[in-house]
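Written below as structure tokens is the structure these notes are about.
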Amino acid sequence: MRTDLLIVGGGPAGLNAAYKAASYGLKTIIVDKWFSLGGQLRQQTQSYDHLPQHFAKLRGYKLADFLIDRLKPLDVTILEKHTLIGAYSDGSVGVTNEKDILPIDAKNVLITTGAMEEPDIFPGWTLPGVMTAGAAQILINRERVLPGKQALILGSNEFALEVAAQLHDCGIAIKGIVENRSELLCQNEKLIARISNAEIPIVLNGVIESAIGKGKVEEAYVNHNGNNALYDVDLICVAKGITPILEPFEVMNCDLIYRERLGGWLPEYYGNFETTNPSIYVAGNAAGITNMGGILLTGEIAAISAVESLNAASTVQIKEEKEYLWNELYRIEYNSVLEARLDVINELHNEKDAQLPPLVDSLNGRLING
Amino acid sequence: MKKSYDVIVIGSGVVGSSIAYHLSESKSKEILTIDKDFPLSGTSGSTQAWVWVHNKTPAWYGELNMYSAELYPFLERKIGDVEYKRTGGIAPFFSESDRENALRLAEKQAEVGIKVEVLSRDEVLEKEPALSHNIAGATYSNIDGNVNPFRLIELYVRAARKNGAEFSFYNQVIDISKENGMFKVTTQDGEYFSNQLVLAGGPWSKSMGKLLGVDVPIKQVRGQIIVTEPLSPLLTHTIGGMRQADNGEVLVGYSKEEVGYDRRSTLDIIQDTARMAIDFVPALEKANVVRCFSGIRVMPEDGFPILGEIPGIENGYIAAMHSGITLSPLVGTLMTELLVDGETSIDLERYSLKRFNTIQSIG
Amino acid sequence: MHITHHPVLKKDERKEIKFFFNDEPLKAKVGQSIAAALMANGIKKFGVSRKLHQSRGLFCASGRCYSCFLTVDGLDHVLSCSTLVEEGMEVYSNLSDPDVRRGKNEN
Amino acid sequence: MDKSTIVCRCEEINIDEIESAINMGAHTFNDIKRLTRCGMGPCQAKFCMNLVRKIISEKTGQSLKDIKPPRMRVPLGVTRMSALASNKASSVASVFGESAEEGETDHEEEL
């Protein structure tokens with residue numbers, strides 16, 4: 001199978017990239033490991049605030065539908081239930097559906113495999129009933145199954161609170177949000193107010209000492225300021241943040257770099273979102289953990305880079321697209337994330353003695369000057 | 001850490017660790033082993049780890065392997081459980097026309113005391129029912145087996161340390177020279193001196209030899225292996241191409257590519273290897289493959305070990321070979337004899353680096 | 001338990017199907033993963049770990065942690081969070097290492 | 001935390017075992033992996049990666065940016081052998097071929 005652009009991962013970054021690339025006539029294939037496209041959006045019932053101008057405010061799963069529906073008239077081949085498995089020595093990549101391996105000879109590959117949830121450990125964390133917050137969210141919103149009746153949430157970032165609120169709305173009693181620091185990580189006031197209105201207890205300076213139960217979680221000890229309290233819970237959701245998924249980049253021979261503010265290890269990339277392996281691009285959370293606006297925009301920038309590499313648009317069009325997208329990124333992405341992202345880009349351009357795209361260079365200045 | 005030793009061994013793979021351990025048993029030497037990484041990070045940690053004898057040819061080379069395999073039970077009593085199992089080895093063939101070669105192999109190996117049987121299809125399947133009904137027969141010997149390489153090397157190092165030998169890991173050797181009759185080994189962490197020096201660098205032996213002005217004629221050969229999930233007991237023998245480990249994982253692989261030190265796994269070879277797994281053991285088609293790995297094998301240009309003194313370098317020694325896992329107990333023993341007594345109980349003349357005639361200069 | 005009245009999503013109109021877990025008939029909805037269908041029936045323990053024989057169940061629901069292995073229609077170690085449940089499917093707990101020689105492919 | 005707390009869910013390796021490997025001198029994830037089997041199970045270190053890196057950092061004082069993730073390999077996720085073998089007719093050479101010729105020297109048994 002031959003294609004102009006192979007997109008690995010059909011979440012928001014990949015879908016948005018596919019739309020942009022195919023709009024410029026690139027023959028595009030999307031592979032996604034799941035039964036349906038949309039990635040994490042599939043189970044997000046909340047809507048997003050900071051979206052690019054060309055997106056309407058939608059709930060996550062509706063945004064997924066929108067991104068998928070607008071691909072229909074375009075030359076995009078969708079391979080669901082397919083995963084990237086490795087690379088052949090001739091440079092083509094193999095994707096598998098667990099029955100066959102399909103070699104794909106792609107002029108460009110864009111990897112938008114997103115991020116994974118970080119676990120946290122305590123005695124008993126392997127018991128059934130302890131799961132990632134994302135898993136609990138998948139159960140209620142995609143599977144429509146209640147994962148438990150009474151729950152503890154471990155972690156207090158925005159996602160932890162969002163899932164706590166959603167579980168609560170589905171009728172699960174949230175017995176506490178346990179955070180080992182002295183303050184909440186989440187800074188979204190609206191969300192904090194929702195938690196407060198729902199009368200969900202917040203346990204700061206708290207750690208889960210252990211989860212216990214026969215065959216599944218039945219109780220958990222929480223240490224709060226040195227005192228142990230026993231909680232009667234059958235669900236513990238771990239929400240300790242997310243980190244870019246790395247393994248596709250390693251098999252594609254892309255160099256990695258560490259940036260704590262971007263979620264840990266991630267592939268190195270240039271200002272056009274190309275990794276150190278030519279024609280392999282990265283976007284979305286795989287290129288550093290960001291917000292939904294950042295995910296969508298980086299997908300689009302990477303797509304434009306692929307379009308540019310194949311001379312599928314005029315220089316003027318490319319320039320206009322990039323200007324708009326980077327300015328939007330500057331407007332929408334958290335400063336700390338954009339700074340770290342630019343730092344990754346600057347470092348690679350320096351290392352390889354490659355010229356920075358003028359736009360990226362000007363953003364450097366704008367960030368410094370505030 | 002001291003600065004001066006009787007012996008410095010460079011390389012802490014299965015060969016270097018075995019030499020360090022066996023030398024430490026002699027209680028007569030102060031030993032330092034230096035490795036640029038950590039034991040098992042190179043060839044010795046990326047192997048199926050067969051202890052394999054029966055079709056090593058010519059017979060005199062098979063004999064060397066046999067002696068080493070015979071040492072394993074004794075080694076295990078001294079350093080601990082390395083999961084050595086003398087499972088017997090089966091090398092299947094798929095065409096009746098191969099039987100003649102098999103019979104000739106059995107005849108040759110018998111001359112040095114290696115007992116090789118040539119089995120019919122039914123005999124093979126009786127021994128190993130999971131094998132394919134498409135095989136024509138196999139050579140078999142009860143001397144073959146396998147070992148857990150992770151345990152083997154860990155226990156070599158632990159036992160050597162217990163005997164007082166020292167190890168320095170993550171410490172790259174940068175230069176080797178001679179000063180006042182002693183070797184001066186310069187590493188990224190400092191300088192060390194020794195009377196005797198052993199190069200045990202596996203696939204990196206060539207660049208080590210260069211530091212002494214000696215050409216070590218070896219090639220690097222990549223082998224890619226696939227590993228299944230732990231499975232219920234399936235294979236009881238070591239099969240030419242695969243084995244089932246103690247924990248139930250089945251390791252499969254028989255590829256070789258000359259690609260330098262590139263240790264990537266490629267889908268081409270992995271797919272070939274998977275095909276081979278199913279050709280040998282059809283039931284494996286249902287097995288989940290969990291991971292693949294590759295190792296860079298050492299391959300002396302003529303295929304045989306390079307063992308003994310380095311010509312022209314007084315008190316300099318080398319041990320570089322393929323089959324390091326099989327040969328390590330014997331090589332450790334012989335090198336200890338050589339370093340301590342100056343002579344060996346098995347003549348190593350045939351394995352000398354001299355045979356290549358490639359000395360460039362005296363370092 | 002199935003969520004019948006979701007606070008945001010529309011009414012669940014997915015068709016009901018029957019499957020078996022350890023020979024016991026259970027109900028599921030079309031489009032659910034096997035793991036979710038079991039959780040809907042209050043089953044959280046899917047098997048035991050191989051070394052310490054501790055209970056295991058759904059953890060990441062994303063096909064990455066492999067804690068939710070089950071035997072499905074005779075095939076051992078199927079990833080139940082990313083396999084859809086089907087009418088009449090026979091699912092069993094994961095209690096031991098896969099036996100690849102069992103069943104129809106035995107040679 | 002209790003040192004017997006599991007870090008690697010797949011191979012059930014606990015904090016104590018990882019610390020022992022570090023004490024033996026292993027300072028990278030890959031080296032700890034070979035000594036302990038931590039990260040060698042079906043998830044291939046996807047979940048223990050950062051947990052182990054944190055333990056290494058705490059025990060050795062190395063900064064997290066200097067502690068690399070473990071090597072990740074084909075097939076990226078657990079895959080059936082039958083899928084891997086698809087579209088392939090021939091298999092790689094067998095060990096028997098090595099001994100077929102007298103004096104054949106390309107021994108390759110310990111892959």
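- Nearest heavy-atom pair, D:R80 versus C:D76, reported as atom, atom and distance to 0.1 Å: NH2-O, 2.9 Å.
- C:H6 pairs by the side chain to side chain donor-acceptor pair (under 3.5 Å) definition with A:N141, not counting sequence neighbours.
- Residues from residues 46-71 of chain D that place a non-hydrogen atom less than 4.5 Å from a non-hydrogen atom of chain C comprise D:K46, D:F47, given in numerical order.
- Inspection of non-hydrogen atoms places C:S49, C:R50, C:K51, C:L52 of residues 45-52 of chain C under 4.5 Å from chain D.
- Side-chain atoms of C:V100 and D:M81, non-hydrogen and from C-beta on, never get closer than 4.5 Å to each other.
- Contact annotation for residues 8-17 of chain D against chain C (heavy-atom separation below 4.5 Å, listed by residue number): D:R9, D:C10, D:E11, D:E12, D:I13, D:E17.
- Put simply, the side chain of C:Y66 never gets that close to the backbone of D:G77: no donor and acceptor are under 3.5 Å apart.
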